[in-house]
Amino acid sequence: MTKGRATANEGVLECPEFDLQMTIDSGQTFHWTAQQGGYSGCIGDTPVFLRQTGNVLYYRGIDPVLLKSYFSFDHDLEAIRESCRRHPISYSAALACRGLRIMRQPHWECIATFILSPMKQVSHIRQMSLALRTSYGSEIAINTPRPFPNPAVIANSTEPELRRCGLGFRAKNLLATAKLVATGEFNPEKLATMNTMNARMELCSLPGIGRKVANCILLFAYERLDVVPVDVWIARILGSFRSRKSGLLQLEQYGEKLLGPYAGYVQQFLFHTARTGKLELPGTSPRSNSTRASLPRVAKLRTIKNRKGLAVSA
DNA sequence: TACCAGGTGAACT
DNA sequence: AGTTCACATGGT
C-alpha cells in the first residue's frame, strides 16, 4: 500500500548497498521484529520502524544520523568485497551478501545477548531477547516496541525469574554480568578505547563469555572488523578449507590470515550464506531449504579463554 | 527418539 | 596441556 512512497511521518533515506532484511537476519542482532512489510525495534531507547524499497530506506522515530551510524553506512562494502577477492569461496559469499552490513550495536545489549547465545540457534536467541524486552524493557509509549532492559533492571531480578524467559543455564551468567555492569565494576564503554587484545581479555573476564562470544561482541559492537568469531558453522567452513584438522584458536588465526583485513566481515558473509544454504564448499552440496546443513563435521571443539600474551590480532 | 544449536567452565587425566 | 562432561531449552 505504502510501498515505494513515504507516509506522513516517515523519513526517507537513500541507501545504496544496503539490505535491511539480510543485515537484520544475519545473526548479529536479535532485537528486531518483522512487521507490516518492515521491521520494528529500538535503536538505543528509541522505538523505530524501518522498511526498505529498492535503494530507499523509510524510517520512523529516529534521527537519520543515528540510523546511519547504527547500520554502518560509512563502511566501504566494495573495498571489503575486494579484500577477499583472491579467495574464490569468500568472494562469491561476499557477492551473495551485497548490502549486508556489520552494525554498530550498543555495547550493553550486544554483550547481554551474546551471553545468551551459547548452544542456541539464532531463532531461539531472538525468542530470549523478546522475552527479556517484554518482561523487563521499559514502556516508552503504548504500542511501541520496548528497548532492551538496562543492566540495573536485570541486576535487580533473580535467576529463577530470568529463567522464566527461557534462558536456562545462561540466566546465572546474565545476572552476574548485569550486576558487574550496574555497579560500575565493569565498564563496557571503556573497552572502546582499548586495543582488541586487551578488550577481549576484559570481556573474557565476564561470566559466560569465552573467546567466541567475546569476538562476536568485538565485531558487532566495537567495530573490530578483523576479528573472526569461530562457532560451529565457521569451524566447519574453515576446517573444510584445510586438510589438517585443528583447534578453535588455530582456525581463528587461520581465518584471520585467509580472510584478510576485514576478516570479520568476510566471516559474516560465509556464516550467512552457509546458514541460508547458499554456500558451496568443495566436496559438499549446498543444503536445501528444508534439510539440515550438509557441511562436514568437525572434531569436538574446545574453547579457550584468552590469556596474556596470546595475541591473535593486536 | 536422538540430535543439534553463533560455547563455557570445571574437573578430569 | 589436552580431554571430557554438565549445563537448559526448543525445534526437527
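Just so we're on the same page: letters track the sequence lines, and every chain starts at 1.
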Which value, in whole Å, describes the distance between the P atoms of nucleotides B:dA11 and C:dA8?
15 Å
Could you measure between the two P atoms, the one in C:dC5 and the one in B:dG6, and give it in whole Å?
24 Å
Near DNA chain B, under 4.0 Å by heavy atom, which residues of residues 96-114 of chain A?
none
Give the nucleotide from the list B:dT8, B:dG6, C:dG10 with an atom nearest to the side chain of A:Val213.
B:dT8
Closest nucleotide among B:dG7, B:dG6, C:dG10 to the A:Gln127 side chain
C:dG10
In whole angstroms, how far is the [atom2] atom of [N] from the [atom1] atom of [X]?
X	N	atom1	atom2	result
A:Gln250	C:dA1	CD	P	15 Å
A:Leu248	C:dT3	CG	P	12 Å
A:Arg211	B:dG7	CZ	C1'	14 Å
A:Leu167	C:dG10	CG	P	10 Å
A:Met119	C:dC5	CE	P	15 Å
A:Leu174	C:dC7	CG	P	20 Å
A:Phe269	B:dG6	CZ	C1'	17 Å
A:Lys172	B:dA10	NZ	C1'	12 Å

Connected-component partners of A:Phe169 among ILVMFWY, side-chain separation under 4.5 Å
none
If you group Ile, Leu, Val, Met, Phe, Trp and Tyr whenever their side-chain heavy atoms sit less than 4.5 Å apart, what else falls in with A:Leu95?
A:Tyr91
Strictly below 4.0 Å: does A:Gln267 bring a side-chain N or O up to OP1 or OP2 of B:dG6?
no
With respect to the phosphate group of C:dA8, does any side-chain polar atom (N or O) of A:Arg170 fall under 4.0 Å of OP1 or OP2?
no
Face-to-face stacking of A:Phe169 with C:dA6, centres under 5.5 angstrom, angle under 30°
no
What is the minimum heavy-atom distance between A:Arg51 and A:Ala6, and which atoms define it?
NH2-CA, 4.2 Å
Thinking salt bridges, do A:Glu78 and A:Arg81 make one under a 4.0 Å N-O criterion?
no
When we call it a touch if two heavy atoms are under 4.0 Å apart, what does [X] touch: a base, just sugar-phosphate, or nothing?
X	answer
A:Ile125	nothing
A:Phe220	base
A:Gly166	sugar-phosphate

Between A:Ser72 (side chain) and A:Ile102 (backbone), is there a donor-acceptor pair under 3.5 Å?
yes
Between the side chain of A:Gln105 and the main-chain N/O of A:Gln28, is any donor-acceptor distance below 3.5 Å?
yes
Quick one: are the ring centres of A:Tyr262 and A:His75 less than 6.0 Å apart?
no
Step through it carefully: locate the ring centre of A:Phe220, locate the ring centre of A:Phe114, and say whether they are under 6.0 Å apart.
yes
The answer to which of A:Asn173 and A:Gln268 contacts DNA chain B further toward the 5' end, by nearest nucleotide, is A:Gln268
Any N or O donor-acceptor pair linking the side chain of A:Lys120 to the base of C:dT9 at under 3.5 Å?
yes
